[in-house]
Novice: 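Take a look at the following structure, please.
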Amino acid sequence: MSGYVLAIDQGTTSTRAIVFDDGFRTKGVAQQEFPQHFPHSGWVEHDPEDIWNSVLATVRGALADASLSASDIAAIGITNQRETTVVWDRDTGKAIHNAIVWQDRRTSDVCRRMVSDGVEKEITAKTGLIVDPYFSGTKIAWILDHVDGARQRAEAGKLAFGTVDAFLLFRLTGGRLHATDATNASRTMLFDISANDWDDGLLKLLGVPRAMMPQVRDCDADFGTSDPTLFGVAIPILGMAGDQHAATLGQACFKPGMLKSTYGTGCFAVLNTGAERVASNNRLLTTIAYRIAGKTTFALEGSIFVAGAAVQWLRDGLKLIDKAAITGPMATRADPDQEVYLVPAFTGLGAPWWDAEARGAIFGLSRKTGPDEFARAALEAVCYQTADLLAAMKKDWPAAGDTVLRVDGGMVASDYTMQCLADVLNAPVDRPVVLETTALGAAWLAGQKAGVWPDMEGFAARWRLERQFTPQMDAVTRGRKLSGWADAVKRTLTQR
Ligand SMILES: Nc1ncnc2c1ncn2[C@@H]1O[C@H](COP(=O)(O)OP(=O)(O)O)[C@@H](O)[C@H]1O
Ligand SMILES: O=P(O)(O)OC[C@H](O)CO
């Protein structure tokens, strides 16, 4: 059998399909952006048909780019933006509402009520999560409450819920399989991560019928085969993981204490804690890093909603730049005497603050402030937020203090940002040769399951460093900048 594996990486702003060869090299790639819908302040939606069409187009594009046909592919691995919620009709496969995206805050009132009703402790004990509109549970309930007749149809088993992975799997298998994997399930606020099952108490609390929930499988389970009408032949689907979990795998963070942070639309730091389910006292999430061959590995996660999205805002909202890559040179030119802080709480603040009502703010403007200072503030904000996450991780799990940060995602192309990250963390930052670690992780799941790629150890041995960024900033400057940031966050939070 060939060693070619196809990864479908369905992200928040774009879909990528990548064909890797058995040396983990990219043989073919295709990427497509799709529209973002912002119907109200704090709401974010995707049209599931846009997502599906982008998957079809990019898979075909990646095969063409690789000069391969579907019969050359040993297996498919799927990875995806997590929490984003789709509810569809089982007979037609059509969604009954736009997908509600992970960044969407429309259920913040419901979440606030749940917290004041005192249910957060039970939810955290079962799911490892805190109560926040970020997760799928309240989004499903919102769709059932706002689409005519949806609740009855869901109870009658006519509707299916899935995060994007499950929706894509349903479509890819021609409607034959309604399943997800343990990592995606762990982001719904409905899944007991110790019992490894949907929790009836939580389903009842949120008013979500069990009949609409997908089966939950290992990340390297048999997920059926693609419908032969789609790509020419049936391709086995043998891997599935939420994108941050796939990146953890792609970065070979297999040992307890290993840490990766991915800088895409948002930023997500994931610390492998092994078989130990570490409870956070500092508002981090406990999540399933991966479940392979029936064995669960846990992680602590810090989730930041806006990282590269702040750069997109400079481009699309403020129209200060025409492409993301110029922010680094702009930041280098920025006036060192101006301390401008951007708190990009466009859709609230995530870990460790979890303030769904907060909105973005900028501090320290003067008549001299221009585009360069805005660019620097947007890039620095990502680094300061990572520093907040790592500080919380070290408090929860002191062993995290000794780890090196492995980074990936679109934003790590920015040398300025990576140097700034090493400076504010006062720790080395490792950028690997392969930056498409999310896709690589999904491909690895499928490739090793198909028997054409190496096992965990063999894969980890082939992780390669491209560049290590080491701290250059003096302690006084770092202290001043971090306290300026802390002050800016304090002034932005709605619950001080
Ligand atoms: N050179 C760069 N400097 C700063 N930001 C960048 C750079 N290149 C890409 N980005 C940002 O990275 C993000 C894209 O990363 P990607 O991993 O593709 O995101 P996602 O998977 O969330 O769609 C965008 O928000 C973009 O603004
Ligand atoms: O699409 P990304 O890479 O920004 O990742 C989205 C996350 O999975 C949301 O939890």
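Atoms within a ligand are numbered from 1 in the order they appear, just like the ligands themselves.
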Novice: Provide the number and element of each atom of ligand 1 under 4.0 Å from a heavy atom of G308.
Specialist: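 This gives 25 (O), 27 (O) as the contact atoms.
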Novice: So do the side chains of M240 and L169 get within less than 4.5 Å of each other, counting heavy atoms only?
Specialist: yes
Novice: Give the residue and atom name of whichever protein heavy atom lies nearest to atom 23 (O) of ligand 1, and the separation in Å to one decimal.
Specialist: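 Going by distance alone, atom 23 (O) of ligand 1 is nearest to T13 OG1, 2.7 Å.
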Novice: Which ligand 1 atoms does S414 reach within 4.0 Å, using its non-hydrogen atoms?
Specialist: 3 (N)
Novice: Would Q472 and D423 count as having a side-chain donor-acceptor pair, cut-off 3.5 Å?
Specialist: no
Novice: Among all protein non-hydrogen atoms, which one is nearest to atom 24 (C) of ligand 1, and what is the separation to 0.1 Å?
Specialist: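 Answer, as residue, atom name and distance: Q312 NE2, 3.9 Å.
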Novice: Could you tell me if the ring centre of W142 sits under 6.0 Å from that of F161?
Specialist: no
Novice: How about T15 and Q31: do any of their side-chain heavy atoms sit closer than 4.5 Å?
Specialist: no
Novice: Is the F346 to W313 ring centre distance short of 6.0 Å?
Specialist: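 Yes, they do, as the ring centres are separated by less than 6.0 Å.
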Novice: Taking all non-hydrogen atoms of both residues into account, name the closest pair between V489 and W353 and its distance.
Specialist: CG1-CE2, 3.7 Å
Novice: Among all the protein's non-hydrogen atoms, which is closest to atom 1 (N) of ligand 1, and how far away is it?
Specialist: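 The answer is A325 CA, 3.5 Å.
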Novice: Tell me which protein heavy atom sits closest to atom 12 (O) of ligand 1, plus the residue, atom name and distance to 0.1 Å.
Specialist: M411 N, 3.6 Å
Novice: State if A309 counts as touching ligand 1 under the rule of any non-hydrogen atom under 4.0 Å.
Specialist: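 Yes; A309 lies near enough to ligand 1 that a heavy-atom distance drops under 4.0 Å.
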Novice: Tell me, which protein residue and heavy-atom name are nearest atom 17 (O) of ligand 1, and how many Å apart are they?
Specialist: G410 N, 3.0 Å
Novice: Decide whether the shortest distance between a heavy atom of R16 and an atom of ligand 1 is less than 4.0 Å.
Specialist: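 Flag set, R16 near ligand 1.
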Novice: Would V311 count as a polar contact of ligand 1, with the cut-off being nitrogen or oxygen pairs under 3.5 Å?
Specialist: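 Such a contact does not occur with ligand 1.
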Novice: Return a yes/no value for T265: is any of its N or O atoms, backbone included, closer than 3.5 angstrom to an N or O of ligand 1?
Specialist: yes
Novice: Any salt bridge linking R112 with E357? Criterion: basic side-chain nitrogen under 4.0 Å from a carboxylate oxygen.
Specialist: yes
Novice: Nearest non-hydrogen atom to atom 26 (C) of ligand 1 belongs to which of A413, A324, C267?
Specialist: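 When every heavy atom of A413, A324, C267 is considered, A324 comes closest to atom 26 (C) of ligand 1.
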Novice: Please find the pair of heavy atoms, one from L379 and one from A331, that lie closest to each other, and give the distance.
Specialist: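 Distance-wise, the nearest heavy atoms are CD1-CB, 4.0 Å.
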Novice: With side chains defined as the heavy atoms from C-beta onward, is the minimum distance between T437 and K260 less than 4.5 Å?
Specialist: no
Novice: Is it the case that R171 places NZ or CZ above or below the six-membered ring of W88, under 6.0 angstrom from the centre and within 45 degrees of the axis?
Specialist: no
Novice: Do V343 and Y384 have side-chain heavy atoms sitting under 4.5 Å apart?
Specialist: no
Novice: Cation-pi check for F268 against R82: NZ or CZ below 6.0 Å from the six-membered ring centre and within 45 degrees of the axis, yes or no?
Specialist: yes
Novice: Quick check: L379 and ligand 1, any N/O pair under 3.5 Å apart?
Specialist: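 Looking only at distances, the answer is no, because the N/O contact criterion of under 3.5 Å is not met.
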Novice: Using a strict cut-off of 4.0 Å, indicate which atoms of ligand 1 neighbour a heavy atom of T327.
Specialist: 3 (N), 4 (C)
Novice: Could you tell me whether the side chain of N80 reaches within less than 4.5 Å of the side chain of D243, counting heavy atoms only?
Specialist: no
Novice: Anything under 3.5 Å between an N or O on ligand 2 and a protein N or O? List each pair with its distance, or write none.
Specialist:
from     : atom 1 : to   : atom 2 : distance (Å)
ligand 2 : 1 (O)  : T12  : N      : 2.9
ligand 2 : 1 (O)  : T12  : OG1    : 2.5
ligand 2 : 1 (O)  : D243 : OD2    : 3.4
ligand 2 : 3 (O)  : D243 : OD2    : 3.3
ligand 2 : 4 (O)  : T12  : OG1    : 3.3
ligand 2 : 5 (O)  : D243 : OD2    : 2.8
ligand 2 : 5 (O)  : Q244 : NE2    : 3.4
ligand 2 : 8 (O)  : R82  : N      : 3.0
ligand 2 : 8 (O)  : R82  : NE     : 3.0
ligand 2 : 8 (O)  : D243 : OD1    : 2.6
ligand 2 : 8 (O)  : D243 : OD2    : 3.3
ligand 2 : 10 (O) : R82  : NE     : 3.2
ligand 2 : 10 (O) : R82  : NH2    : 3.1
ligand 2 : 10 (O) : E83  : OE1    : 2.6
ligand 2 : 10 (O) : E83  : OE2    : 3.4
ligand 2 : 10 (O) : Y134 : OH     : 2.7

